[in-house]
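Quick notes on the structure that follows.
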Amino acid sequence: MKRQYFLNIVFGLIACLPLQAQQAGGRWSLYASGALGTYSGISSPLYEGTPTLSPEVAAGVTWQYLPSLRFSAEAGYLLLREHNDKITSTVLTDPNFMLGGHQTTLTTQADCLQNKNRQHIAAGQFTAEYALSALWLKGRTSPFNVYVGTGVGLLMSKGSNTRTTAYNAEAIAEGDTYSNIYQHAYVKSEKQKDNYTAPYVPVSLTAELSVLPNVTIGARGQLKCLFASADIAPKTVYNAGLLLRIKW
């Protein structure tokens with residue numbers, strides 16, 4: 001009899017554990033997000049065009065420490081793009097050019113036909129998020145919640161710049177007994193690679209709605225403030241997109 005009584009207490013406590021974990025936190029979840037992003041603050045002269053919207057994907061795991069506080073670890077990939085098809089021209093002169101044994105000036109017009117920039121970025125971050133909805137829910141539960149978060153992160157970038165330039169060079173050497181003309185036109189493509197690693201601080205605002213007991217969907221906006229000395233590194237990266245979360 002005592003043994004049966006003891007087993008009833010044990011099984012009763014076990015049955016209450018999921019409810020207590022849900023009320024006091026302690027639940028885990030996995031999430032994935034897809035977003036479009038852009039950047040600002042690159043000082044390199046190679047980046048002379050307008051940034052374009054670029055894709056970003058991420059996945060992470062979250063521990064719901066309290067109903068109003070959660071911690072996440074996230075890994076993601078981001079592609080930064082800039083494409084400038086505007087033709088820019090510069091004129092170069094060489095006053096010491098020799099043509100047919102005579103010194104003259106070589107004038108070269110360089111027309112940049114295309115300027116492409118790409119940065120493939122892998123990032124990892126740890127964040128803490130607070131449920132702003134706890135301020136007005138006051139202990140009540142709701143299928144809709146709004147979180148604000150921040151943390152620390154590290155990203156590694158592999159970048160490349162591809163420029164296509166058309167050159168048109170011309171020189172004329174004329175005298176009483178001679179007249180020489182030099183002309184040379186050609187197209188040249190150049191590719192430059194640059195890599196950097198930078199710490200950053202992410203700041204996010206997330207709105208999530210429970211559509212099933214263990215599934216939520218949401219929207220997230222995030223900015224990353226970078227601390228990097230490389231001139232091809234942006235100062236800020238922005239993105240906004242959708243999020244899917246599965247709890248257990």
Side-chain angles (χ1 to χ4, degrees), residues 6-39 53-80 120-156 199-226 236-248:
F6 175 76
L7 290 176
N8 289 337
I9 294 177
V10 170
F11 287 126
L13 291 174
I14 293 175
C16 291
L17 285 178
L19 179 61
Q20 294 298 321
Q22 184 172 1
Q23 293 177 347
R27 295 192 67 181
W28 291 88
S29 63
L30 292 173
Y31 66 92
S33 66
L36 291 176
T38 185
Y39 64 88
L53 289 177
S54 304
E56 179 174 358
V57 293
V61 58
T62 298
W63 179 41
Q64 191 80 37
Y65 177 65
L66 295 172
S68 60
L69 181 64
R70 66 187 186 185
F71 300 96
S72 298
E74 178 180 307
Y77 166 79
L78 170 64
L79 172 63
L80 296 186
H120 298 274
I121 296 176
Q125 63 185 40
F126 295 95
T127 57
E129 294 177 281
Y130 177 75
L132 292 177
S133 48
L135 298 177
W136 61 80
L137 290 176
K138 299 184 182 301
R140 302 190 308 271
T141 60
S142 170
F144 178 76
N145 289 284
V146 178
Y147 292 87
V148 61
T150 187
V152 293
L154 183 71
L155 60 79
M156 295 176 288
Y200 67 91
V201 173
V203 180
S204 64
L205 181 65
T206 307
E208 294 187 19
L209 175 67
S210 295
V211 293
L212 292 173
N214 293 323
V215 178
T216 64
I217 59 174
R220 179 174 72 169
Q222 186 180 83
L223 65 87
K224 299 179 178 69
C225 301
L226 276 66
T236 309
V237 176
Y238 316 86
N239 71 70
L242 302 177
L243 182 144
L244 173 66
R245 183 183 302 277
I246 300 176
K247 304 176 182 179
W248 75 86

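Computed from heavy atoms alone, side chains included, the values below leave out hydrogens, waters and symmetry copies.
One distance of note links OG1 of Thr216 with CG of Leu209; it measures 8.0 Å at 0.5 Å rounding. The OH atom of Tyr147 sits 10.5 Å away from atom OH of Tyr130, with the distance rounded to the nearest 0.5 Å. To the nearest 0.5 Å, atoms CG (Leu36) and CD (Glu56) are separated by 9.5 Å. Here the CG atom belonging to Leu243 is positioned 6.5 Å from the OG1 atom belonging to Thr206, to the nearest 0.5 angstrom. Atom CG of Leu78 sits about 10.5 Å away from atom NE2 of His120, to the nearest 0.5 Å. We find the CZ-OG distance between Phe126 and Ser72 to be 10.5 Å, quoted to the nearest 0.5 Å.
Here the closest heavy-atom approach between residue Asn145 and residue Ser133 is recorded as OD1-OG, 2.8 Å. In this structure, Tyr31 and Ala73 approach most closely via the heavy-atom pair OH-O, 4.2 Å. The two residues Gly153 and Pro202 make their nearest non-hydrogen contact at N-CD, 4.3 Å. Between Val201 and Gly151, the shortest heavy-atom distance links the atoms CG1-O, 3.5 Å. Here the shortest heavy-atom pairing between Leu132 and Trp136 reads O-CZ3, 3.4 Å. Taking every heavy atom of both residues into account, Tyr200 and Gln125 meet most closely at OH-OE1, 2.9 Å.
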Report task. Dump the intermediate steps for side-chain contact (heavy atoms from CB on, under 4.5 Å) on Asn239 and Lys224, then the final yes or no. Result -> CA-CA 9 Å; Asn239 71 70; Lys224 299 179 178 69; 3.5 Å; yes
Query - Check against side-chain contact (heavy atoms from CB on, under 4.5 Å), Ile246 and Trp248 - result: CA-CA 7 Å; Ile246 300 176; Trp248 75 86; 5.7 Å; no
Requested in this report: Report the C-alpha distance between Ile217 and Leu242 in whole Å, list the side-chain angles of each, state the deciding distance to 0.1 Å, and finish with yes or no for side-chain contact (heavy atoms from CB on, under 4.5 Å).
Outcome: CA-CA 8 Å; Ile217 59 174; Leu242 302 177; over 6 Å; no
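No side-chain heavy atom of Thr127 sits less than 4.5 Å from a side-chain heavy atom of Glu74. Residues Trp28 and Val61 form a side-chain contact, since some pair of their non-hydrogen atoms from C-beta on lies under 4.5 Å apart.
Donor-acceptor pairing under 3.5 Å is lacking for the side chains of Thr62 and Arg70.
Panel note: side chain Ser54, backbone Thr38; no donor-acceptor pair is recorded below 3.5 Å.
A salt bridge does not link Arg220 with Glu129: every distance from a Lys NZ or Arg NE/NH1/NH2 to an Asp or Glu carboxylate oxygen is 4.0 Å or more.
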